[in-house]
Amino acid sequence: MDAHQVNRVRAKLALFVADVFASVPRKDQRAKGDCYLRGLMLDGRRKSVQAMASRLPDGNEQNLQQFVNQSTWDPVPVQRRIAERMLPLIDPTAWVIDDVSVPKEGRMSVAVAPQYCGALGKRANCQVAVSVHAATDTASCPLQWRLFLPRQWASDTDRRTTTRIPAEVTHREKWRLALDMLDTLAAWGMRPPVLVADAAYGANAHLRAALADRQLTYVLAVRADVTAHPFDAKPHAPNRNGAIGCWPQPRYRHRAPSVAALAADLRQEAFTTLTWRQGSRGALRSRFAAVRVRPAGKAVERPIRAAASAEQGWWDGILPDCWLLVEWPADSEAPSEYWLSNLPADTPIADLVRLAKTRWRIEHDYRELKHGLGLDHFEGRSWPGWHHHVTLVTAAHAFLTEQRLAPKVPTPASPSTTSSTLSRTS
């Protein structure tokens with residue numbers, strides 16, 4: 001946006017800030033939030049504090065630095081209010097678990113470490129954040145962020161102190177961070193219609209089990225080497241040797257094949273050409289097949305066996321079934337993608353495909369968050385500063401999304417915002 005466009009929506013932005021930042025106690029802090037959001041939305045290649053302050057007529061670099069890096073305002077209530085506004089407006093078809101990486105130099109930016117960097121497509125020095133987004137084909141909004149703390153930071157007292165990492169924060173795997181965010185959102189009364197994620201998350205049997213335990217449905221991409229038994233495979237109990245000892249537990253007679261092998265055994269008639277959306281260059285379509293399978297592996301079997309043994313003292317050996325969705329483009333020699341889904345057995349394949357392909361929207365909006373709104377332009381090094389910045393970027397993105405989707409439609413009233421608060425901050 002240019003300065004003229006920003007000025008045209010100043011009144012709307014003031015009301016947005018009054019609502020979303022109602023939990024921020026001081027009027028001057030809310031004013032700085034308004035200023036920071038305008039800086040993020042203004043045209044300009046860099047969205048560092050110095051660059052934004054130079055473009056804003058009321059920009060004060062020292063004040064903005066203090067607001068984002070030193071101020072003690074809590075970003076969590078702000079994130080909650082953004083989610084409360086955006087979920088009814090977007091009406092998501094799915095929530096998407098994803099992560100984003102930001103290349104960094106040096107070793108003192110919070111949580112930076114040599115690790116796989118998606119932005120560069122290789123291992124590099126970077127920060128990685130896990131996020132959960134509400135998404136449709138027309139819009140998305142980040143609902144929660146978690147900064148991934150590499151293992152070497154867990155016991156590095158000097159760097160933790162310098163970057164002000166809270167004592168309770170330690171190393172947690174990315175899939176556990178995703179679950180933490182889902183639990184936080186659930187505590188706010190927000191549950192996903194369906195969860196979607198790429199193979200970095202979907203191939204993790206512990207994550208799939210945890211989602212099922214929370215009674216959450218999913219369509220998760222998996223790698224070609226993930227194993228599963230055919231739906232009609234039956235576990236078999238070997239004969240008992242001798243008159244004493246325990247009866248052998250039922251087990252599947254054959255080793256579980258990979259999902260790639262299962263897909264290769266499907267007949268051509270099993271595949272259907274489907275269109276999932278209209279792209280900028282026309283309809284996006286490919287060939288898909290959906291079959292019921294029973295995911296296998298020790299990580300799958302152990303919790304099922306333990307739960308069955310605790311409840312009834314034995315396990316019949318039958319693994320739960322789910323959907324295996326396979327994409328095999330007509331011009332390809334092998335399938336290109338695979339997904340597992342615990343949606344009901346009567347779910348139409350067109351719905352599975354549409355949900356599996358929802359992730360494209362997140363990639364689209366990540367580009368806006370990073371290149372348009374400066375998600376990866378933050379130059380501070382502290383834990384609070386990083387969380388303040390990503391919350392402000394999320395707020396700017398939410399405001400622009402509101403203007404694009406429903407420029408004249410009022411958003412739901414905040415339970416924490418009173419008329420006196422609005423009058424005080426207008």
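For the numbers below, each heavy atom of this structure counts, side chains included, while hydrogens, waters and symmetry mates do not.
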Inset, instruction - For residues Pro295 and Cys322, determine if any side-chain heavy atom of one lies less than 4.5 Å from a side-chain heavy atom of the other. - result: yes
Inset, instruction - Ignoring hydrogens and angles, state whether a donor on the side chain of Ser109 or Gln127 is under 3.5 Å from an acceptor on the partner side chain. - result: no
Legend entry - Stepwise side-chain hydrogen bond (donor to acceptor under 3.5 Å, both in side chains) test for Asp98 and Tyr201: CA-CA 8 Å; Asp98 212 333; Tyr201 295 92; over 6 Å; no
Inset, instruction - Verify side-chain hydrogen bond (donor to acceptor under 3.5 Å, both in side chains) between Arg146 and Gln144, making sure each step is shown before the conclusion. - result: CA-CA 7 Å; Arg146 291 289 190 277; Gln144 279 274 285; 2.8 Å; yes
Inset, instruction - For Trp328, check ring-ring contact (aromatic ring centres under 6.0 Å, His included) against everything at least two apart and list the hits. - result: Phe271
Inset, instruction - To the nearest 0.5 angstrom, please state how far the CG atom of Leu343 sits from the CG atom of Leu355. - result: 6.5 Å
Inset, instruction - May I have all residue pairs that pass ring-ring contact (aromatic ring centres under 6.0 Å, His included) and include part of residues 74-117, sequence neighbours excluded? - result: none
Legend entry - Set of ring-ring contact (aromatic ring centres under 6.0 Å, His included) partners for Phe67, sequence neighbours left out: Trp73
Inset, instruction - Classify the side-chain pair Ser140/Asp365 by whether it contains a donor and acceptor separated by less than 3.5 Å. - result: yes
Inset, instruction - List in chain and number order the residues that pass ring-ring contact (aromatic ring centres under 6.0 Å, His included) with Phe288, two or more places apart in sequence or in another chain; answer none if no residue qualifies. - result: Trp276
Solution key, residues 373-383 side-chain donor-acceptor pairs under 3.5 Å, sequence neighbours excluded:
from	atom 1	to	atom 2	distance (Å)
His377	ND1	Lys47	N	2.9
Glu379	OE2	Arg46	NH2	3.3
Ser382	OG	Gly385	N	3.0

Legend entry - Any Pro320 side-chain heavy atom under 4.5 Å of Arg294 side chain: no
Inset, instruction - Look up atom CG in Leu143 and atom OG1 in Thr184, then write down how far apart they are to the nearest 0.5 Å. - result: 11.5 Å
Legend entry - Test log, rule side chain to side chain contact (heavy atoms under 4.5 Å, CB included), inputs Val68 and Val49: CA-CA 9 Å; Val68 73; Val49 170; 4.2 Å; yes
Legend entry - Point-to-point distance, once rounded to the nearest 0.5 Å, from CG of Asn342 to CG of Asp321: 10.5 Å
Inset, instruction - Go through the structure and list residues passing ring-ring contact (aromatic ring centres under 6.0 Å, His included) with His371, not counting sequence neighbours. - result: none
Inset, instruction - Assess whether atom CZ of Arg277 is packed by more than 12 heavy atoms of other residues, nucleotides or ligands within 6.0 Å. - result: yes
